[in-house]
Number of protein chains: 2
Amino acid sequence: MATRTRRSQRRTEALSRERIVEAAVELLDAAGEGGLTFRALTERLATGPGAIYWHVANKSELLDAATDAVVAAALAIEPAESPDAPRGKIRAVALGLFDAIDEHPWLATQLATQLSRSPWGSVTPRIFESIGRQVGAVGVPEGSQFTATSALVHYILGAAGQNAANGRVLGPDVDRGDFLDAVSKAWEELDPDDYPFTRSVADQMREHDDREQFLAGIDLVLAGITALHLPNGQASAPPAT
Amino acid sequence: MATRTRRSQRRTEALSRERIVEAAVELLDAAGEGGLTFRALTERLATGPGAIYWHVANKSELLDAATDAVVAAALAIEPAESPDAPRGKIRAVALGLFDAIDEHPWLATQLATQLSRSPWGSVTPRIFESIGRQVGAVGVPEGSQFTATSALVHYILGAAGQNAANGRVLGPDVDRGDFLDAVSKAWEELDPDDYPFTRSVADQMREHDDREQFLAGIDLVLAGITALHLPNGQASAPPAT
DNA sequence: ACCTGAACACCGTTCAAGT
DNA sequence: ACCTGAACACCGTTCAAGT
């Protein structure tokens, strides 16, 4: 039959900003940052570049819109029944972002650039708000809430960003175990004089689990907030996982 | 005199990988990510593209080399006389990276992409090692060192990344006070139903100092490490600044 | 109001040719 | 071994023209 990838299938719905953003996300997911081009976009949407530019100012705005859409979706996933009060909710929000970056690796870089470019954009307040509310609920006094929330958000973005493409480095065909093994081995072969520490934790790196590790970090920051910002060092031990 | 920017001043030293990387860093500093093109590079170095490709495989490798050079320089700045044992050294290393990103805003994005692309590259071990050694010195037991160090590194990269271009958003002519004012005002105008928390900390955001805030976060993570990973919750209060 | 598609300026990269 | 510079394929963006 030789049915090539459906060609010039006449567009049935009119073009719209949402449809364009949706297609952009699909392209980014499929081929990463480099996969989003106006050429690819016009083909997928069966139009010309002019049509897209009528709905969107430029590529940068399109990238921002795609980021915003994915983050909004990730934060919209409520844990339904609140699991165990504020600390649990903070973990849930953090994991939501972690998983979103895991599913959309391009998010990591995009988040970093966008956050540093315009902290008043819609993404920062969104994340900030979700975390901040729970920080207040934990009992952190008003004067420390900005500091505590910032620390959490920074940790989340830093950690999620790094973990992002870890598994995807060489495509989905690479086994996670093989990958960690390779990194671990590379670390073990570093110069003993220059890298004693990194060598010594090479095996811990081999055995670690990204999500577990990520959550452990969240608990670390939460413990710090408890120790430094709660009047009395009240119960802060994380629940057994 | 009309001495335009020195033209075709015949190259005196031979081209070298270091010279190319140096020029790349200059271009990145001057005009950001978009400022580094092979065209600009050939003009600055008074050569053709072929000459550059003889020393460097491609643009990606050049970007990696530039990142590595700047990070190495930042980590090489030793605090001379160790200020106050491990915790102080961790703060010093963190501030070194913070300042490097502040001076070279393009580092933030570059670091994020590079770390997620190849954690075995030279940059990760370098940072990891500097922090990790001190984590060991603080007294964290071996089994927890990987987790503790990861948390610190993630926080540092996340925070430094976000703070990166904050001041530079609209070039160096924008007053920092005006900038924070604008962001703060934008936050105050957010929807009261959707963003109660962000609105409530708008004034804290206006008055915060990037470096102070960054260090407060480091202390938060350190306090968490002390609380969670040191056998007894031994003295962890940060020194008065 | 919304879309078409040719055209423009610019980019990373290659390669036959020089020294 | 190291460098030159024309050429190629591709990209974001514009715009006169259509409906």
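Just so we're on the same page: letters track the sequence lines, and every chain starts at 1.
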Separation of atom [atom1] in [X] from atom [atom2] in [N], rounded to whole Å:
X	N	atom1	atom2	result
A:R17	C:dC2	CZ	P	14 Å
A:L15	C:dA1	CG	P	17 Å
A:L63	D:dG12	CG	P	10 Å
A:I52	C:dT4	CD1	P	10 Å
A:L41	D:dG12	CG	P	9 Å

* **side-chain N/O B:H55 vs D:dA1 OP1/OP2, d < 4.0 Å** =>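 Checking B:H55 against D:dA1: no side-chain N or O falls below 4.0 Å of OP1 or OP2.
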* To do: Only counting residues at least two apart or in another chain, list the ones meeting side-chain contact (heavy atoms from CB on, under 4.5 Å) with A:E189.
  =>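 Listed in chain order: A:K185.
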* To do: Apply side-chain contact (heavy atoms from CB on, under 4.5 Å) to B:D209 and list each qualifying residue two or more places apart in sequence or on a separate chain.
  =>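 Per chain and number, B:D209 pairs via side-chain contact (heavy atoms from CB on, under 4.5 Å) with B:R211, B:E212.
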* Name all residues meeting the ring-ring contact (aromatic ring centres under 6.0 Å, His included) criterion together with A:Y195; count only those two or more places apart in sequence or in a different chain, and write none if there are none. =>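 Testing A:Y195 for ring-ring contact (aromatic ring centres under 6.0 Å, His included), a comparison that skips the adjacent residues, returns none.
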Considering only nitrogen or oxygen atoms on both sides, find all protein atoms under 3.5 Å from nucleotides 7-11 of chain C and state each distance.
| residue | atom | partner | partner atom | Å |
| --- | --- | --- | --- | --- |
| C:dC11 | N4 | B:R39 | NH2 | 3.1 |

* **For A:E61, all residues meeting salt bridge (charged side-chain N to carboxylate O under 4.0 Å, His left out), sequence neighbours excluded** =>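 Testing A:E61 for salt bridge (charged side-chain N to carboxylate O under 4.0 Å, His left out), a comparison that skips the adjacent residues, returns A:R17.
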* **Closest to side chain of A:Y53, choosing from D:dT13, D:dC3, C:dT13** =>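 When the side chain of A:Y53 is considered, D:dT13 is the closest of D:dT13, D:dC3, C:dT13.
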* Between CD1 of B:I131 and NZ of B:K89, what distance do you get to the nearest 0.5 Å? ->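 So the CD1 of B:I131 and the NZ of B:K89 are separated by 11.0 Å.
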* Separation between CG of A:L180 and CE of A:M205, rounded to the nearest 0.5 Å ->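 One finds 6.0 Å between CG of A:L180 and CE of A:M205.
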* **Check ion pair B:E129-B:R133 (N to O, under 4.0 angstrom)** =>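 Yes, this pair counts.
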* Asked: So what is the 5' to 3' dot-bracket string for DNA chain D, if pairs are Watson-Crick or G-U wobble with both distances under 3.5 Å, crossing pairs use [ ] and | means the partner sits on another strand?
  -> ||.|||||...|||||.||
* Asked: Any side-chain heavy atom of A:D203 sitting closer than 4.5 Å to one from B:F146?
  ->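 A side-chain contact under 4.5 Å is absent here.
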* Are any side-chain N or O atoms of A:S184 and backbone N or O atoms of A:D181, one a donor and one an acceptor, separated by less than 3.5 Å? ->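 Judged by distance alone, no pair lies under 3.5 Å.
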* Determine the Euclidean distance between corresponding P atoms of C:dA17 and D:dC2; express it in Å to zero decimal places. =>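 To the nearest whole Å, 22 Å.
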